[in-house]
Amino acid sequence: MRALVVGASGHLGGEVARLAAAAGADVAGTSTTGASGWSRLDITDREAVRALVSRVRPAVVVNAAYRADSWAICADGAAHVALAATEAGARLVHVSSDALHGGRPEPYGDDAVPTPIYPYGVAKAAAETAVAAIDPAAVLVRTSLIVGDERSKQVRFALDLVTGRTRGALFSDMVRCPIDATDLAAALLELAASGYRGLINVAGPQATSRAELGRLVAKRYGLDPAAVPVCTIAESDLTAGAAEVRLDSTRATGLLKTPLRGVAEVLGVA
């Protein structure tokens with residue numbers, strides 16, 4: 001099987017590529033710079049995307065590319081990838097985000113209607129609409145904060161805060177369901193090989209505040225959890241996302257063989 005990983009130079013995309021290759025797939029990947037030997041690709045260029053997919057002729061395409069401040073990458077780029085995958089007859093797995101939810105105490109089901117409250121969430125919601133319209137057979141995977149080793153932006157930021165390399169704080173009242181990058185990558189490949197189509201939540205089972213996540217990261221690296229700077233969303237002068245976004249991944253855990261571990265277990269501090 002030939003697989004194309006769009007965004008293979010990122011943490012998640014790199015894990016998808018690594019696991020696919022380990023399973024015997026012929027893996028091609030893309031990055032914006034051509035890093036790590038992957039093909040250089042600007043997914044905002046529709047014709048470039050179509051040309052690359054036509055040349056690679058993958059059976060599976062996993063789109064893990066994103067940039068939180070770019071509508072062109074998150075929304076337009078997702079549509080370009082979906083169009084090219086459909087033209088090539090490839091199975092498409094699109095990685096979406098819990099950022100498209102506005103926040104509430106109750107968990108969000110797989111098919112919950114997006115209620116985005118900031119630009120990144122709006123772009124991810126638009127991407128889902130485009131991908132589903134172009135390729136109704138595609139899998140659209142809504143996920144949460146991606147953790148694991150120091151390739152994780154969440155892990156690096158927490159370490160930078162606790163060691164004083166950067167200034168800021170982690171919100172005590174912003175809750176998410178972090179997931180390990182390797183667990184998520186394995187789930188994406190398992191979904192690619194399945195007959196599943198449409199929306200599905202794939203996130204960790206342990207709802208955790210960003211502040212608590214930072215403390216767990218500090219503990220994992222032998223640092224003082226009490227040294228993690230913490231504040232509430234209201235106390236911050238930053239534009240924050242939704243407060244409480246819990247993804248209900250019951251459907252995924254019933255469907256997949258891949259275990260979705262809680263963040264404490266992932267970080268080895270359970």
Side-chain angles (χ1 to χ4, degrees), residues 1-97 123-124 126-143 146 151 181-182 184-200 202 258:
M1 179 191 75
R2 177 166 294 175
L4 173 64
V5 182
V6 181
S9 61
H11 185 196
L12 175 60
E15 282 300 283
V16 174
R18 182 182 68 82
L19 293 181
D26 178 9
V27 179
T30 77
S31 75
T32 56
T33 63
S36 303
W38 301 122
S39 297
R40 184 173 183 175
L41 179 67
D42 175 4
I43 67 169
T44 69
D45 183 337
R46 181 175 63 180
E47 293 309 314
V49 176
R50 294 175 75 182
L52 184 139
V53 173
S54 177
R55 182 173 72 251
V56 173
R57 301 183 64 82
V60 170
V61 176
V62 177
N63 182 15
Y66 88 102
R67 201 175 78 192
D69 62 351
S70 175
W71 176 280
I73 290 174
C74 290
D76 298 337
H80 298 162
V81 172
L83 177 63
T86 301
E87 290 177 341
R91 169 76 160 153
L92 175 62
V93 179
H94 170 78
V95 181
S96 189
S97 169
K124 295 302 281 187
E128 285 190 356
T129 299
V131 171
I134 293 167
D135 185 1
V139 187
L140 293 85
V141 179
R142 291 174 175 172
T143 193
I146 298 174
R151 290 173 295 169
T182 303
L184 178 55
L188 296 176
L189 291 171
E190 190 175 346
L191 286 165
S194 75
Y196 191 88
R197 54 195 291 165
L199 294 164
I200 188 167
V202 182
T258 300

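Positions are given from 1, in the same order as the sequence printed here. What you are looking at is a predicted structure, and each value in this text was computed from that prediction instead of being measured.
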Please find the pair of heavy atoms, one from [X] and one from [Y], that lie closest to each other, and give the distance.
X: L19; Y: A186; answer: CD1-N, 3.6 Å
X: V5; Y: G13; answer: CG1-O, 3.5 Å
X: W38; Y: A28; answer: CZ3-C, 4.0 Å
X: A90; Y: D135; answer: O-OD2, 4.4 Å
X: A137; Y: R197; answer: O-CB, 3.5 Å
X: A20; Y: L189; answer: N-CD1, 3.6 Å

Listed by chain and number, what are the side-chain hydrogen bond (donor to acceptor under 3.5 Å, both in side chains) partners of D42, not counting sequence neighbours?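 Partners of D42 under the side-chain hydrogen bond (donor to acceptor under 3.5 Å, both in side chains) test: T44.
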
Using modelled atom types and a 3.5 Å cut-off, is there a donor and acceptor pairing between side-chain atoms of [X] and backbone atoms of [Y]?
X: S194; Y: L191; answer: yes
X: R46; Y: D76; answer: no
X: R2; Y: V56; answer: yes
X: K124; Y: A68; answer: no
X: T30; Y: G7; answer: yes
X: R91; Y: V139; answer: no

- [ ] I would like to know whether L52 and L4 meet side-chain contact (heavy atoms from CB on, under 4.5 Å); could you show each step before the answer?
- [x] CA-CA 10 Å; L52 184 139; L4 173 64; 3.8 Å; yes

Test item: V202 and T258 side chains (from C-beta on) under 4.5 Å apart, heavy atoms: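 No, every pair of side-chain atoms sits at 4.5 Å or beyond.
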
Margin query: Do L92 and I134 have side chains that approach each other closer than 4.5 Å (heavy atoms only, starting at C-beta)?
Written below: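 No, side chains not in contact.
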
Applied to residues 77-90, the side chain to side chain donor-acceptor pair (under 3.5 Å) test, sequence neighbours excluded, yields R50-E87

### Message
Taking side chain to side chain donor-acceptor pair (under 3.5 Å) as the cut-off, I'd like each qualifying pair that reaches into residues 4-16, sequence neighbours left out, listed once.
### Response
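As it turns out, the side chain to side chain donor-acceptor pair (under 3.5 Å) pairs with a partner in residues 4-16, which skip direct neighbours, are E15-R18, E15-R151, E15-T182.
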
Side chain to side chain contact (heavy atoms under 4.5 Å, CB included) test vs L188 passes for just one of L12, V60, T143, namely L12

Working to the nearest 0.5 Å, report the span between [atom1] of [X] and [atom2] of [Y].
X: Y66; Y: I43; atom1: OH; atom2: CD1; result: 12.5 Å
X: Y196; Y: L140; atom1: OH; atom2: CG; result: 9.5 Å
X: R142; Y: I200; atom1: CZ; atom2: CD1; result: 11.5 Å

Q: Test side-chain contact (heavy atoms from CB on, under 4.5 Å) on V131 and N63 and set out the steps.
A: CA-CA 11 Å; V131 171; N63 182 15; over 6 Å; no

